[in-house]
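All remarks here apply to the structure that follows.
The figures here come from the full heavy-atom set of this structure, side chains too, leaving out hydrogens, waters and symmetry mates.
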Amino acid sequence: ALNNLVVTLARALAPKIRVNGVAPGAITGRWLKQGWGESYDAVMKGVAQRVPLGRPSDPEDVSAAILSLIAGSDMVTGQVIVCDGGMTLGG
């Protein structure tokens, strides 16, 4: 639904406004730690073993993806950048 929203808004607001999104995978930090509770460390270890880049994303990885959209080409709109260490590539 969010990917579709990005595309729809990009079409509706162009050319004055560019709309892009970032889709992170598992992100290290307090939100997931609170949500997963005691299983957090085991889940993150499993994520690290499954992703091609060998670790879950951290907040700095996601912010770098966002900044790349802001500072990058003005010709990018309607795109969703996946920032998941390659998890969506499968195994």
Side-chain angles (χ1 to χ4, degrees):
L2 290 176
N3 292 0
N4 192 36
L5 179 63
V6 166
V7 171
T8 301
L9 288 173
R11 286 180 180 150
L13 299 173
K16 292 185 179 189
I17 299 174
R18 297 182 305 128
V19 180
N20 295 293
V22 173
I27 305 171
T28 60
R30 65 180 169 86
W31 286 356
L32 286 184
K33 191 173 256 189
Q34 290 172 350
W36 287 336
E38 294 180 14
S39 63
Y40 173 82
D41 290 330
V43 170
M44 286 304 198
K45 183 177 179 182
V47 168
Q49 292 171 345
R50 286 191 312 274
V51 300
L53 295 183
R55 66 178 180 82
S57 297
D58 57 35
E60 290 78 17
D61 295 318
V62 179
S63 66
I66 294 167
L67 287 173
S68 73
L69 288 169
I70 294 168
S73 173
D74 288 342
M75 292 302 292
V76 178
T77 192
Q79 303 302 307
V80 177
I81 306 268
V82 179
C83 183
D84 68 354
M87 182 178 280
T88 53
L89 297 175

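- Contact of the P56 side chain with the V51 side chain is not registered, since no non-hydrogen atoms from C-beta on lie closer than 4.5 Å.
- When side chains are defined from C-beta on, P24 does not count as touching S57, because their heavy atoms never get closer than 4.5 Å.
- Interatomic distance, T28 OG1 to D61 CG, rounded to the nearest 0.5 Å: 7.5 Å.
- Linking ILVMFWY side-chain heavy atoms closer than 4.5 Å, directly or via other members, places V22 and I70 in a single hydrophobic cluster.
- A continuous path of hydrophobic side-chain contacts links L5 to L13 [ILVMFWY only; heavy atoms under 4.5 Å].
- Here the SG-CD1 distance, from C83 to I27, works out to 7.5 Å after rounding to the nearest 0.5 Å.
- Judged purely by atom type and a 3.5 angstrom limit, Y40 has no side-chain atom pairing as donor or acceptor with the backbone of G35.
- In the hydrophobic clustering of ILVMFWY residues, with side-chain heavy atoms under 4.5 Å counting as a link, W31 and V62 come out apart.
- Atoms CG and CZ, from L89 and R50 in turn, are 13.5 Å apart once rounded to the nearest 0.5 Å.
- V19 is not connected to V7 by any chain of hydrophobic side-chain contacts under 4.5 Å among Ile, Leu, Val, Met, Phe, Trp and Tyr, and they are in different clusters.
- Counting heavy-atom neighbours within 6.0 Å of E38 CD, excluding the residue itself, gives a total of 12 or less.
- L67 and V82 are members of different hydrophobic clusters when ILVMFWY side chains are connected at heavy-atom separations under 4.5 Å.
- Between the CG atom of L9 and the CZ atom of R18 there is a distance of 14.5 Å, given to the nearest 0.5 Å.
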Do I81 and N20 pass the side chain to side chain contact (heavy atoms under 4.5 Å, CB included) test, and can you show the C-alpha distance, the side-chain angles, and the key distance before you say yes or no? CA-CA 8 Å; I81 306 268; N20 295 293; 5.9 Å; no
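- Between V47 and A26, the shortest heavy-atom contact is CG2-CB, 4.1 Å.
- Of the inter-residue distances, the one linking T77 atom OG1 with R11 atom CZ reads 10.5 Å to the nearest 0.5 angstrom.
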